[in-house]
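Take a look at the structure below.
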Amino acid sequence: MDGAKMEPFQLPKNFLMGSATSATQIEGGDQNNTWFRWCQNQGHIHDGSSCIRGDDHWNRYPEDIQLMKELNHNIYRMGIEWSRIEPEKGRFDDKVLRHYKDELSLLLQNKIQPLVTLHHFSNPLWFEDMGGWENPESVQLFIRYTHYVVAALGDLVNEWITINEPNVYLIYGYERGAWPPGKTNLFAMFRALSHLTLAHIQSYQEIHRIRIEHQFPGKTRVGIAHHLRIFDPEDNQLRNKIPARIIRYLSQDLFLESMGFGKFNFPLGMGGYPLGRGKYYDFLGINYYSRDMVRLAWEPANLFGHLNVKKNAPVNDLGWEIYPEGLYRLCRRYYQKYQAPIYITENGICDTKDTKRAQFIYDHLQQIARLNQEGIPVERYYHWSLMDNFEWAEGESGRFGLIANDFGTQQRTVRRSGKFYGEICARKAITQEMIEKYL
Ligand code: IFM
C-alpha cells in the first residue's frame, strides 16, 4: 500500500482502546450451552469445527491478559457464560463466579478496565428447552441471573453490556434459521424481541440498583452493543429507497428505540411504554462492520429487500464490504438522537492473511478522530477481536484476531497488524513513522 498518501493523526488523549471477545467464542470446554448442541449437528458449522475447543481461554486467561498488556490495552470487553454460571435452572455455581473474579482481578492488576457482557448469542440448554426468549418467563430468569452476577462481580466491574447485538441474534436465530434455535418465523422473532427488550430494561435497572445498594466503587454505566450497518439503496429510485428504510427500521431503529427508551413501536406494539418511558442506556454501544446495498425484492428472510455488496468495493474474507465512512455516518446519525457517549464496542475484519487489517484499523480510527474533532464523543474503541476465535457458523475459519491462534496447539502469535494496533494503543496516535512501518 502507498503509505505516502496517508496522513498521521491523533486521537483524544483520554480516548481508551482495547479489544473485545465473547465467552462462547474463546473459552472452550462448556457443553451446557445452545451453541455446543448446535455444533453437533452436521452442516451447521461450515468447517465442521465446534465451540467446545475455542481458544481454551478458560484455562489460558493469564497468558491472554499478558498479551493484552503487551498490546497496551486500557480496556477489554469480555463475556461471561450464563450456562456455566447457572448450569441448571435456579442452581448457581459459585466456583464459576470465583473463576471470573480471578480473571477480572488480574485484568485490574494489569490496569485493564473490563466491560462485561451478560448475554452474547448463547443460552443455557435448560433455558432454550423451556422456549428460550419466546417464553415470557425468560425475562424474570434473566433478571435473576443479572442479580446473582452483579452482586458477585459488581465490586470489580462498573460497566456492563446486557445484550450483545439483539438484532443479529434474532435475525439469524429466528428468521434465517442459521443459528440456534434455528427458526424461520417472524412472529417468533418479534415475540422474542419483546422479551429481550423487557429483559434489557429491567436488567439495566437492576444493575444500577445493586451497585448503589452495595456501594460498589466506580460510575455505573450500562448499555447494549448494537450491531449497526449502513443500508443504502442500490440507486436513487424510490422503489429501492423504501425497502432500504424498512430494513433499517425493522433490523435497527426499532431495537434502539424499544431498548433505549422503552417505547414499543409497531410491530412490538402501538407506541406504548409497557415499563414506563425512560432512558435505559448510559452509553451508545456500536458494533460496526459493513454496509449493504438494498434492492426491492420479496425476501422475508432479508426483511423484504435484497442485500448486495457494492460493485467493485473492497471486501474482507467473508465478502463484507469494507466501508470506514459508514462508521462516521452511523455515529453522527445516532448521536443526534441518543445523545450519549459512544463506545465502539466492536469493529474488525476477517482477514486470515493479515493483508488488510492494518489499513482497516487506520481507516476506521481516522473516522473516529474526525468524529471527535466535530464534537461527537466517541470515547472508546474495542477492536474485534483480541485473537482468532470460534466465529459462529463460520467456525474456526473466520479469522478476526489481532493475534493469530493455532487451534490445534493453542499457540498465539501476534499478527503484524496486532503490533501496529498495540503501538496505536500506547500513543493514541498514528505517526508518520508508523505509517511507513505498517501501511
Ligand atoms: O464474532 C462476531 C461477534 O460475536 C458479534 N459481532 C460480529 C463478530 C464478527 O462476526
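Atoms within a ligand are numbered from 1 in the order they appear, just like the ligands themselves.
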(message) If I compare all heavy atoms of Ile361 with all of His383, which pair ends up nearest, and what's the gap?
(response) CG1-CE1, 3.7 Å
(message) Ignoring hydrogens, what is the shortest heavy-atom contact between Trp133 and Tyr174? Give both atom names and the distance.
(response) N-OH, 3.8 Å
Lys/Arg N to Asp/Glu carboxylate O, [X] vs [Y], below 4.0 Å:
X      : Y      : value
Glu396 : Arg53  : yes
Asp351 : Arg415 : no
Glu88  : Arg91  : yes

(message) Less than 4.0 Å is my threshold; does some heavy atom of Trp320 fall inside it relative to ligand 1?
(response) yes
(message) If the contact criterion is a heavy-atom separation under 4.0 Å, does His227 count as touching ligand 1?
(response) no
(request) For the pair Tyr343 and Phe283, name the ring-plane relationship: parallel under 30°, tilted 30 to 60°, perpendicular over 60°. (result) parallel
(request) Without swapping roles, check the side chain of Asn316 against the backbone of Ile349 for a donor-acceptor pair under 3.5 Å. (result) no
(message) Would Ser22 count as being in polar contact with ligand 1, using the rule that some N or O on each side must be under 3.5 angstrom apart?
(response) no
(message) For the 3.5 Å polar cut-off, considering only N or O atoms, please tell me whether Asn389 and ligand 1 meet it.
(response) no
(request) Check step by step if ring pair (Phe, Tyr, Trp, His ring centres under 6.0 Å) holds for Tyr438 and Tyr362. (result) CA-CA 10 Å; Tyr438 292 104; Tyr362 173 94; over 10 Å; no
Closer than 4.0 Å to some heavy atom of [X] - which atoms of ligand 1 meet that?
X      : answer
His120 : 3 (C), 4 (O), 5 (C)
Glu165 : 5 (C), 6 (N), 7 (C)
Phe121 : 4 (O), 5 (C)
Trp392 : 1 (O), 2 (C), 3 (C), 4 (O)

[atom]: nearest protein contact (heavy atom, Å):
atom                    : value
atom 7 (C) of ligand 1  : Glu346 OE1, 3.2 Å
atom 8 (C) of ligand 1  : Tyr289 OH, 3.4 Å
atom 10 (O) of ligand 1 : Glu391 OE2, 2.6 Å

